[in-house]
Structure formats: structure tokens, C-alpha cells
Amino acid sequence: MPTTPATAANSSSNGTGEAILLELVDEDGRTIGTAEKLSAHQAPGQLHRAFSVFLFDEQGRLLLQQRALGKYHSPGVWSNTCCGHPYPGEAPFAAAARRTYEELGVSPSLLAEAGTVRYNHPDPDSGLVEQEFNHLFVGMVQSPLRPDADEVGETAFVTAGELAERHAEGRFSAWFMTVLDSARPAIRELTGPSAGW
């Protein structure tokens with residue numbers, strides 16, 4: 001992946017595990033400062049910039065990922081293709097492409113902005129809070145996946161009907177339906193009416 005000023009400034013090449021900073025924003029999405037990642041998620045939470053990616057295959061199936069069990073936030077739950085936080089000063093689009101590659105080992109063959117959504121979702125298991133101004137992206141994946149086991153437990157491509165069944169039975173991230181519903185207009189434009197999204 002290409003190095004940008006934001007990624008270079010926030011990547012620890014000496015393995016010291018320096019604190020990860022998130023971009024704090026106001027209700028209109030304007031940057032107002034930074035905060036350490038974990039502290040931004042501790043109750044009541046600080047509003048920060050995030051992104052969510054929804055990638056589809058050529059049959060119009062959504063790529064889901066199950067978050068790895070070792071993750072400190074929402075481990076083991078199913079969620080959208082990729083989600084995360086831009087580094088301070090990093091464009092959300094660049095962050096979305098970067099993290100998709102880091103987590104799943106693929107670069108989207110198409111990635112388009114799909115709006116933003118603001119939400120407040122407490123995680124009942126961890127007590128952490130998602131206070132996020134989330135930038136949404138939809139796109140296509142046409143390459144074999146190479147998931148990072150530290151980030152991703154499993155992956156699955158699902159139709160709209162299969163997702164409804166899985167969501168009724170399984171554990172999904174607290175934010176999943178909020179970001180999916182907000183991205184639906186762009187998803188329908190990408191996949192066409194026959195896909196059922």
C-alpha cells in the first residue's frame with residue numbers, strides 16, 4: 001500500500017506500539033482535535049471520524065467479515081466488509097482502501113462514496129461506545145481474499161436474503177444495521193434492483 005504523510009506519521013516502524021490517535025469531530029464532521037483510540041471509545045464516548053466499507057462480488061453478494069476473537073472491541077461478531085478509523089489528516093477514502101487491504105488482502109476494484117451517518121451505539125459486552133461520524137463506501141471485490149487472522153475470523157459472501165437469515169440468528173456488530181441502512185441507496189445503485197438490497 002502507498003505511504004501518505006498521514007500513514008507515515010501514524011505507523012510505528014520500530015515496533016514500539018505507540019498510541020493510535022483518532023480524529024475528533026463536531027456534529028457537522030469538522031475536525032476539532034484528536035484522542036487516543038481506546039479513550040475515545042470509553043463511555044460516554046467522544047465523537048470521532050470513522051468509515052465503513054461494503055464490497056460486493058459480481059453476483060451482487062455482500063462480503064461480510066467476522067471480527068477476530070482477539071480484538072478488544074466487538075470480538076467474534078459479524079459485520080460489514082471493513083470498518084475503521086482514518087488517522088488524523090488521512091482522507092476517509094484512503095483509509096478505507098488501506099484498511100480493506102490490511103484486513104482482507106485485497107484492493108477494491110471499485111470504491112465509491114456513499115454518504116455519511118452519525119450514530120451512538122454502546123456495545124453491551126465490552127461497555128465501549130461507538131460515537132461516530134461514519135463515512136460510507138461501496139464497491140466491488142474481484143480478487144481472492146487473503147484475510148489477516150489477527151483481524152478477521154471468517155468471511156462470507158451473502159445475498160440480501162441470506163443476510164436477513166444470518167442477522168436473525170447470529171451476533172452482529174452494534175453499528176451494522178445503521179451503516180447498512182444508510183448505505184442502501186448507493187448499494188442498490190451499484191448492484192441493481194435484481195440483487196434485492
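Two residues are said to be in side-chain contact when any heavy atoms from C-beta on lie closer than 4.5 Å; H41 and D123 fail this criterion. The side-chain heavy atoms of Q131 and Q46, taken from C-beta on, include no pair separated by under 4.5 Å. F51 places a side-chain heavy atom less than 4.5 Å from the side chain of C82.
With rounding to the nearest 0.5 Å, the separation of CD in E151 from CD in Q66 is 13.5 Å. If you take CG on L104 and OG on S143, they are separated by 11.5 Å, rounding to the nearest 0.5 Å. L64 contributes atom CG, which lies 7.0 Å from atom OG1 of T81 (distance to the nearest 0.5 angstrom). Interatomic distance, D148 CG to Q65 CD, rounded to the nearest 0.5 Å: 10.0 Å. Atoms CG and OH, on L47 and Y119 in that order, are 10.5 Å from each other to the nearest 0.5 Å. In this structure, OG1 in T116 is found 8.5 Å from CG in N134, a value given to the nearest 0.5 Å.
The minimum heavy-atom distance between P92 and P86, with the atom names listed, is CA-CG, 4.1 Å. Here the shortest heavy-atom pairing between C83 and S52 reads CB-OG, 3.9 Å. Smallest separation of non-hydrogen atoms from L69 and P75: O-CB, 3.3 Å. Nearest heavy atom pair, residue A68 against residue V152, reads CB-N, 3.7 Å. Taking all atoms of both residues into account, the shortest heavy-atom contact from Q142 to S109 is OE1-OG, 2.9 Å. Annotation for A195 and G60: closest pair CB-O, 4.3 Å, computed over non-hydrogen atoms.
Just one of L190, V138, T100 meets the side-chain contact (heavy atoms from CB on, under 4.5 Å) condition when paired with L55; it is T100. Among L163, N80, L136, the single residue meeting the side-chain contact (heavy atoms from CB on, under 4.5 Å) criterion with L180 is L163.
Hydrophobic cluster membership differs between F137 and V25, with clusters built from Ile, Leu, Val, Met, Phe, Trp and Tyr side chains linked at under 4.5 angstrom. Cluster annotation: F93 is connected to V141 through the hydrophobic network of ILVMFWY side chains, with a link wherever side-chain heavy atoms come within less than 4.5 Å. Hydrophobic clustering, with ILVMFWY side chains joined whenever heavy atoms are under 4.5 angstrom apart, groups W78 together with V158. Residues F56 and L63 do not share a hydrophobic cluster, defined by chaining ILVMFWY side chains whose heavy atoms lie under 4.5 Å apart. F176 is connected to V117 through a chain of hydrophobic side-chain contacts under 4.5 Å among Ile, Leu, Val, Met, Phe, Trp and Tyr, so both are in one cluster.
Taking the six-membered ring where tryptophan is involved, the planes of H167 and F172 are tilted, since the angle between them lies from 30° to 60°.
Side-chain atoms of R67 come within 3.5 Å of backbone atoms of S74 as a donor-acceptor pair (strictly under, hydrogens ignored). Looking only at distances, a side-chain donor or acceptor of R188 sits under 3.5 Å from a matching main-chain atom of W197. A donor-acceptor contact shorter than 3.5 Å is absent between the side chain of S173 and the backbone of S79.
The stretch residues 27-53 participates, sequence neighbours left out, in these salt bridge (Lys or Arg N to Asp or Glu O under 4.0 Å) pairs: E23-R49, D26-R30, E27-R118, D28-R30. Listed by first and then second residue, the salt bridge (Lys or Arg N to Asp or Glu O under 4.0 Å) pairs that reach into residues 106-117 come to none, sequence neighbours excluded. For residues 158-179, the pairs satisfying salt bridge (Lys or Arg N to Asp or Glu O under 4.0 Å) are D125-R171, with sequence neighbours left out.
Aromatic rings of H85 and Y87 (six-membered ring for Trp) have centroids beyond the 6.0 Å cut-off, not under it.
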